[in-house]
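The structure appears below as structure tokens.
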Number of protein chains: 2
Amino acid sequence: MKVERTVTSGTTDAPRKRLSRAERERQILAVAEEVFATRGYQAASMDDIADRVGLSKPMLYEYFGSKDGLLLACLERAKRELLDSTAAAAGDADNAEQLLHDCLLAFFRFSDEHKQAWALLRNESAVLSVPINSELEAIRGQQVELTAELMRTARPDLSQQRLEAFAEAIIGACERMAMWRERRPEITSDQATEHLMALVAPGLT
Amino acid sequence: MKVERTVTSGTTDAPRKRLSRAERERQILAVAEEVFATRGYQAASMDDIADRVGLSKPMLYEYFGSKDGLLLACLERAKRELLDSTAAAAGDADNAEQLLHDCLLAFFRFSDEHKQAWALLRNESAVLSVPINSELEAIRGQQVELTAELMRTARPDLSQQRLEAFAEAIIGACERMAMWRERRPEITSDQATEHLMALVAPGLT
DNA sequence: AAAGTAATCTACTCATAGTAAGCTACTTGT
DNA sequence: ACAAGTAGCTTACTATGAGTAGATTACTTT
């Protein structure tokens, strides 16, 4: 189980290439995302991640501070990607229904195509430590805001509170349906979008 | 920080009452639910829970097997309570819209009145270890089934897949809105219900 | 080539999940 | 009443994994 690297004694050992901080950080993030997504936060060990990168543990702490910090960095990147994807889809739509449709579809496609990032986000409350969770809620707040903002242009008659409520509800519905699709892979992102449209579009137009 | 019990040397020490397994289990569950809900799974320590119960750690393992096992027992109880609450509310409703309304309201009231149980369920994917998560998804499946079943009686024209999709979406929306209400305590359960009804009722009738 | 610095390592500490092995109070058969 | 059995309980351990102190080595700069 233990993969000795024997840096000191080896004859054929490569002398461990040195990389710039930025490069190493990207490399670590890639490995960490994979490990967190497959094993889960708790079962993932810093030693394991370090080994896979081919680096010693203190480097992870040097760059990310803590296990929480490392997860948080992964989450932030994933969340940004998701936000970008949906925001981009919101660009070219002429009416409210079309807009909703495009965003939903973009979301479901994202959860298809970036399975690892999505697995991470889906389990985001994995950690529960107060500092992380509040940070996460802040990030999530952005998504709600974006959604509410988009809806306001379509339905300026609705109250601020109602818009927020709708945004929360729709995002929650999306997340659950994405998890549902993991259990039923035969359901395409178009079908999922259609189901959700059937449920909420009448209430929005 | 360490509260020594000094059982061996004390003069005024109560000799640690012996309880039946069933009673002790209930007592442990109550403490564990509180600790898990407030500190979170990760930060909760078995030693701490044992101390608060006034018991030694091996007893927790004797009765619940592992930390996961203890959390799972808490979750199962909480989930059953929630399921009972909503199922009871489904009893006396004459039409589909009324039914949906009553269930939603029951859910939001539950998350008000059983804050601890709800905090636990809300963070249920806290653990991520594969065995626990699959167990949890199974429990959750019951709720989806119940919801889908209720909707089928109201809308027998919809396909099985669509009913499931609606059930998942509505449950996801509920969960998110309950979390939203934690941030905005001024929003009553009636208001939350009304918002959600406004969003989904048109799509269901 | 000397000095400086950024990347890296080895070798620890400490907290906590989980366990082995035995002790003790209550129950039950005779 | 008392011996035997058992269910509840404890002390004292191991093992793993997060996090850290301090030294070291490879590039960069002058």
Side-chain angles (χ1 to χ4, degrees), chain A residues 1-10 13-28 32 35-36 39-72 126-129 131-132, chain B residues 1-10 13-28 31-32 35-36 39-73 126-129 131-132:
Chain A
M1 196 132 202
K2 192 160 221 177
V3 183
E4 281 293 347
R5 284 189 58 95
T6 56
V7 170
T8 48
S9 66
D13 268 327
R16 181 101 80 218
K17 186 86 181 290
R18 249 153 144 106
L19 296 181
S20 78
R21 173 164 186 155
E23 254 176 304
R24 202 54 108 181
E25 277 182 350
R26 251 170 295 156
Q27 195 188 358
I28 294 171
V35 174
F36 282 138
R39 305 273 254 251
Y41 179 79
Q42 205 190 190
S45 97
M46 294 296 269
D47 285 296
D48 180 30
I49 293 171
D51 273 5
R52 293 194 194 209
V53 178
L55 206 63
S56 68
K57 190 167 53 162
M59 289 309 294
L60 306 188
Y61 285 91
E62 176 71 22
Y63 289 161
F64 297 97
S66 65
K67 192 181 177 185
D68 281 13
L70 181 52
L71 175 65
L72 201 54
V127 178
L128 302 174
S129 83
I132 281 231
Chain B
M1 197 125 203
K2 191 161 226 176
V3 183
E4 280 296 345
R5 285 189 56 93
T6 55
V7 171
T8 48
S9 66
D13 268 325
R16 183 102 80 216
K17 186 82 181 292
R18 248 155 144 108
L19 296 181
S20 78
R21 173 163 185 156
E23 255 176 303
R24 202 53 108 183
E25 277 183 349
R26 251 170 295 155
Q27 197 188 354
I28 294 172
V31 172
V35 174
F36 282 138
R39 306 269 256 250
Y41 178 79
Q42 206 191 188
S45 97
M46 294 296 268
D47 285 297
D48 180 30
I49 293 172
D51 274 5
R52 292 192 195 211
V53 178
L55 206 64
S56 67
K57 190 168 52 165
M59 288 309 292
L60 306 188
Y61 286 92
E62 177 70 24
Y63 289 161
F64 298 97
S66 67
K67 192 180 178 185
D68 282 12
L70 181 53
L71 175 65
L72 201 54
V127 177
L128 303 172
S129 82
I132 280 230

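Quick note on labels: first sequence line is chain A, next is B, and so on, each numbered from 1.
Between the side chain of A/Lys67 and the base of D/dG19 there is no donor-acceptor pair of N/O atoms closer than 3.5 Å.
Counting only heavy atoms from C-beta on, A/Arg18 has its side chain closest to C/dA7 among C/dC9, C/dA7, D/dT11. Comparing atom distances between the B/Tyr61 side chain and each of C/dT8, C/dG18, D/dG19 picks out C/dG18 as nearest. Taking the side chain of B/Leu55 as heavy atoms from C-beta on, and the options C/dT8, D/dC9, C/dA17, the nearest nucleotide is D/dC9. When distances run from any side-chain atom of B/Met59 to the nucleotides D/dG8, D/dG19, D/dG17, the shortest one goes to D/dG8.
For C/dT8, neither phosphate oxygen OP1 nor OP2 lies less than 4.0 angstrom from any side-chain nitrogen or oxygen of A/Arg21. Taking only side-chain nitrogens and oxygens, B/Arg24 never comes nearer than 4.0 Å to OP1 or OP2 of D/dA7.
B/Phe64 comes within contact range of no nucleotide atom at all, as no heavy-atom separation falls under 4.0 Å. Residue-level contact check: B/Ala50 touches neither bases nor backbone, having no heavy atom under 4.0 Å from any strand.
Shortest non-hydrogen contact noted between A/Arg39 and A/Asp48 is NH2-OD2, 3.8 Å.
Residues B/Ala22 and B/Pro58 both approach DNA chain D. Their nearest nucleotides, taken by heavy-atom distance, put B/Ala22 toward the 5′ side.
Recorded end-axis angle for the helix from C/dA1-D/dT30 to C/dT30-D/dA1 stands at 10°, based on five pairs per end and rounded to 10 degrees.
Remark: A/Glu62 engages no residue in a side-chain hydrogen bond (donor to acceptor under 3.5 Å, both in side chains) (not counting sequence neighbours).
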